[in-house]
2 protein chains.
Amino acid sequence: MARRRAKKAVRRRSPKGNVAIDDAVYGAIRRAMLSGRLRPGTKLQEPVLARLLKVSRERVRKALHRLVHERWLEAVPNRGTFVPAPSVEELRELYEVRAILEDAVVAKLARGTANGSAQKLKSHVAEERSAVKSGDRSRLFGLSTEFHALLADLCGNEQLSSTLRALLPRSSLHFSLFAPPELHNCAGPHDHGDIVKAVLAGDADKARTLMRDHLSGLVEMLSAREAPRAAMPLDEIFRELSPAKRS
Amino acid sequence: MARRRAKKAVRRRSPKGNVAIDDAVYGAIRRAMLSGRLRPGTKLQEPVLARLLKVSRERVRKALHRLVHERWLEAVPNRGTFVPAPSVEELRELYEVRAILEDAVVAKLARGTANGSAQKLKSHVAEERSAVKSGDRSRLFGLSTEFHALLADLCGNEQLSSTLRALLPRSSLHFSLFAPPELHNCAGPHDHGDIVKAVLAGDADKARTLMRDHLSGLVEMLSAREAPRAAMPLDEIFRELSPAKRS
DNA sequence: TGTCTAGAGAATGTGCACATTATCCTGTCA
DNA sequence: TGACAGGATAATGTGCACATTCTCTAGACA
């Protein structure tokens with residue numbers, strides 16, 4: 001009973017802030033992956049992450065399950081959660097499916113878009129260009145992926161959008177792990193601008209061709225599998241990212 | 001301490017049987033949904049299911065999370081887990097995405113299949129025909145869905161296969177909730193047989209047309225939204241299904 | 001009579017303690 | 001010296017108790 005009262009006095013958790021905490025934990029781990037410093041095979045231990053992020057182990061657990069579900073991570077029963085080592089074969093298959101879906105996406109968009117779509121697309125491409133200049137790798141990666149999601153969103157078919165979005169985390173994983181460190185090698189923003197132009201011009205055939213070429217180019221780049229960055233201890237990775245967790 | 005020893009004496013859980021229990025709980029709830037007796041809006045309460053299935057609440061919790069993830073169910077924070085009421089609009093969107101993917105599937109297969117594919121497809125269609133005759137609604141629903149998954153599997157692209165499979169639970173949900181009770185109204189096995197013929201004949205165009213018509217036919221049928229079966233208390237539904245849980 | 005409020009009851013959410021399992025290290029024996 | 005067995009340690013997995021939130025109902029008041 002004494003214990004019960006003590007607990008009640010100590011608890012100072014904001015009422016509706018639970019999902020916010022969950023999202024912060026999820027985001028921190030996801031950002032760590034996007035940074036490209038987590039090498040395939042790395043084990044993400046629940047107690048370690050809980051200590052580094054200063055949350056209970058259950059929160060880490062939940063976030064890890066979510067990431068496994070989205071295929072950012074892989075779980076082995078009674079063993080733990082690991083950073084996957086996706087194969088080139090998987091890369092090819094993944095981008096084949098993306099090509100099927102995104103071909104349909106740009107074809108639909110070229111046939112006609114909703115009001116405001118043109119503005120959204122243009123400003124997104126502009127944002128990508130500024131990210132290239134500032135040299136923020138994580139930010140550019142995020143924006144590049146989001147471009148494809150944005151296209152799908154503008155189709156007005158939620159199922160199409162969510163189906164493609166489900167493929168993007170795994171796609172980003174390949175990017176994080178195997179993209180070259182130099183940003184100017186990424187064939188991203190330039191292609192994106194051309195695709196937008198074709199779509200807005202209503203040229204479906206050109207848009208489809210550009211999209212397929214764009215995706216093929218990414219496959220080629222990622223198949224090279226440039227040597228990844230040097231490994232870094234977990235605590236250093238998360239120490240760097242911890243400020244963003246609170247924003 | 002006495003409590004601790006008592007626990008140890010009572011526990012008689014098989015060592016590796018945990019995942020089996022989880023699967024059983026998951027399967028029981030899924031089967032309940034496929035039976036078509038759970039109406040949209042029904043709340044699936046954790047304590048009730050735990051009592052009916054004779055497992056701990058945590059197991060039920062885990063299974064519900066999984067079903068929510070697969071979009072069989074919908075969760076509302078602090079409120080519970082509910083049987084969804086998917087709209088006709090969603091139905092159309094869903095089948096549009098399926099058409100995009102399955103169009104590509106049959107086109108790939110018509111270009112050439114792996115050894116043994118023909119046999120698998122033929123025997124599957126035969127199985128569907130026998131299910132129609134036996135009048136087992138749940139079984140036919142399961143087989144009909146599995147036919148589309150089988151086609152995707154035979155493509156040899158795991159990503160394509162898993163992407164389509166991710167859409168099938170939600171698709172089955174529409175089927176369970178809104179398909180007419182009479183089995184002979186289902187435009188299933190007959191279409192499937194024709195598609196198999198076209199694929200094995202290498203006629204890609206015909207296979208694609210048949211697949212698109214087949215999916216359109218399903219949309220039309222499900223859009224009618226026949227009156228669902230009468231509601232039934234949860235305990236009766238799960239009492240009927242409990243034997244299968246142990247098999 | 002309709003609406004709003006307070007409280008009882010029951011559901012969901014979460015931290016913790018403990019059980020179970022894997023890993024690593026050490027010592028022994030061939 | 002190498003391989004293997006056994007135990008120490010630390011991880012993952014799970015049931016439970018409690019906190020929090022929601023729902024539903026009875027009753028007061030306009």
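Values reported hereafter were calculated over all heavy atoms of this structure, with side chains retained and with hydrogens, waters and symmetry mates removed. What you see is a predicted model; the values in this text were computed from it and never measured. Quick note on labels: first sequence line is chain A, next is B, and so on, each numbered from 1.
What separates CD1 of A/Ile21 from C1' of D/dA19 is a distance of 14 Å, to the nearest Å. Atom CZ in B/Arg51 sits about 9 Å away from atom P in C/dA11, given to the nearest Å. Atom CD of B/Glu58 is separated from atom P of C/dA11 by 15 Å (rounded to the nearest Å). To the nearest angstrom, P of C/dT12 lies 13 Å from CG of B/Leu73.
Contact annotation: A/Lys62 side-chain N/O to C/dT14 OP1/OP2 distance is under 4.0 Å.
Within a 6.0 Å radius of CD in B/Glu158, no more than 12 heavy atoms belonging to other residues, nucleotides or ligands are found.
Contacts of B/Ala224 classified as side-chain contact (heavy atoms from CB on, under 4.5 Å), with partners at least two apart in sequence or in another chain: B/Glu226. Evaluation of the side-chain contact (heavy atoms from CB on, under 4.5 Å) rule for B/Glu89 yields B/Ser87, B/Glu93 as partners, not counting sequence neighbours.
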Mind listing the N/O atom pairs, protein and nucleotides 9-12 of chain D, below 3.5 Å?
| unit_1 | atom_1 | unit_2 | atom_2 | d |
| --- | --- | --- | --- | --- |
| D/dT12 | OP1 | A/Glu46 | N | 3.4 |
| D/dT12 | OP2 | A/Glu46 | N | 3.3 |

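A/Leu38 has its side chain within reach of A/Leu234: a pair of non-hydrogen atoms, C-beta onward, lies under 4.5 Å apart.
For B/Ser161 (side chain) and B/Asn157 (main-chain N/O), no donor-acceptor pair under 3.5 Å exists by modelled atom type.
Counting only N and O atoms by type, the side chains of A/Ser134 and A/Arg139 include no donor and acceptor under 3.5 Å apart.
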